[in-house]
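Just so you know, ligand 1 is whichever comes first in the structure, and atom 1 is the first atom listed for that ligand. FYI, side chains are in, hydrogens and waters are out, and symmetry mates aren't considered; it's all heavy atoms of this structure. On a predicted model such as this, the values are computed, not experimentally measured, just so you know.
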Amino acid sequence: MEILKKILVVAGPCATESREQVLATAKEIAKLGIPMFRAGVWKPRTLPGGFEGIGAEALQWLQEVQKSTKMSVAVEVARAEHVRLSLNAGISTLWLGSRTTSNPFAVQEIADAIAPYLKHNSKIKVLVKNPLTPDTDLWSGAVERIKNAGVNEIVLVHRGFTSYERSIFRNVPLWSIALQMHKRYPTLPLLCDPSHIAGNRKYIEQISQQALDLAFDGLMVEVHNNPNTALSDASQQLSPAELEQMLYNLKIKEDTPLDSKEKVAGNKGDTKKLHIKDIGLLREEIDQIDSKILSLLAERIEVAKRIGEYKKENDMPLYQDDRHNTMLEQRAEDGAQKGLSKEFVKRLMEVIHSESLENQINNDSKKS
Ligand code: PEP
Ligand code: MN
């Protein structure tokens with residue numbers, strides 16, 4: 001597949017469930033030309049009682065995957081014992097899950113367990129997922145501990161962040177955090193895990209496309225041969241056929257005019273990536289500003305409704321021409337001092353005011 005020449009794709013089930021499931025899924029994924037298979041052997045579950053993974057027994061199935069396909073295999077390690085069992089089984093790509101990255105004691109224990117193996121195993125690679133909270137230092141701390149142990153191949157994986165705010169996604173992406181990490185570690189590959197951001201397979205493609213637009217280096221996607229029967233994360237796993245379709249659909253946008261200009265000017269290095277990512281960072285900022293504007297507007301309308309109630313109780317008219325005009329003039333003046341055109345501020349305030357009035361009236365008619 002063409003896209004696999006440009007980005008790194010890691011795919012595989014949330015968890016190993018049975019030999020049949022692992023081998024069947026791996027066979028389909030390998031057919032697409034994917035270089036790395038992922039599978040959780042030990043699953044960190046938020047609540048007790050869920051499927052916690054098969055454990056060490058599953059490592060032999062993953063060895064079979066490595067032997068029967070060209071794929072390397074990655075497993076999640078949360079303890080020193082997981083590291084030893086995996087490396088002893090010839091599984092050299094390890095990943096730190098979000099819950100583990102959040103815990104420096106666990107990360108250090110893992111780093112210490114990896115260190116002695118580096119003498120004889122040069123293939124050890126560690127993928128570090130972001131912590132649960134949007135904390136670039138905590139994420140960097142995990143990277144540093146793994147680096148200090150002597151690991152040279154480290155990959156960052158952005159899987160979104162736990163948030164109290166309601167969102168259509170399971171975890172909010174907060175792309176700017178991942179992009180800040182890229183600025184800190186420009187040489188480390190940066191992957192996006194759209195499955196854990198989405199929580200629902202219907203959003204995986206759009207999140208993946210967004211990651212590629214931000215020039216991420218690849219994707220880590222949950223894929224199961226029969227997603228609906230999966231013992232963990234069933235709603236967010238793709239079937240191998242869905243993965244194939246998505247990889248056909250995804251587009252890697254080539255040079256922006258800015259990049260071409262720079263190339264003509266003879267600039268060298270990874271400038272394209274940084275430019276596209278910077279634009280992404282700015283867009284993220286715009287999204288956050290817009291969200292604040294909308295929250296403030298909602299707050300303003302609530303206050304206007306309270307004023308409306310007061311006016312009603314005191315038999316005052318809802319609309320007062322003089323107050324309206326004074327308000328427009330004051331806002332235009334305030335806006336001008338902030339560098340906005342008076343014309344624009346007046347137009348904007350007219351729209352806001354009319355919406356407030358509409359709400360006062362409707363609020364009123366609901367009550368009467
Ligand atoms: C996983 O990749 O299956 C997993 C548990 O992810 P995370 O650590 O991102 O929640
Ligand atoms: Mn999962």
Basic-acidic side-chain contact under 4.0 Å: [X], [Y]:
X: Glu28; Y: Lys31; answer: yes
X: Asp287; Y: Lys292; answer: no
X: Lys305; Y: Glu302; answer: yes

In order of chain and number, which residues sit within 4.0 Å of ligand 1 by heavy atom?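 Cys14, Arg38, Lys43, Glu76, Trp95, Gly97, Ser98, Arg99, Lys129, Arg159, His196, Glu222.
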Measuring from atom NZ of Lys311 to atom CE of Met316, what distance do you get when rounded to the nearest 0.5 angstrom?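 Nearest 0.5 Å value for the NZ-CE distance: 6.0 Å.
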From CD1 (Ile3) to CE (Met246), nearest 0.5 Å: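 If we round to the nearest 0.5 Å, Ile3:CD1 and Met246:CE are 8.0 Å apart.
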If you consider just the N/O/S atoms, which atom of [X] is the closest one to the Mn ion (ligand 2)?
X: His196; result: NE2
X: Glu222; result: OE2
X: Asp233; result: OD2

For residues 155-163, which side-chain N or O atoms pair as donor and acceptor with protein atoms under 3.5 Å away, sequence neighbours left out?
unit_1	atom_1	unit_2	atom_2	d
His158	NE2	Pro173	O	2.6
Arg159	NE	Ser98	OG	3.4
Ser163	OG	Glu165	N	3.0

Are there over 12 heavy-atom neighbours, none belonging to Asn152, within less than 6.0 Å of that residue's CG?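 Atom CG in Asn152 is not packed in, count stays at 12 or less.
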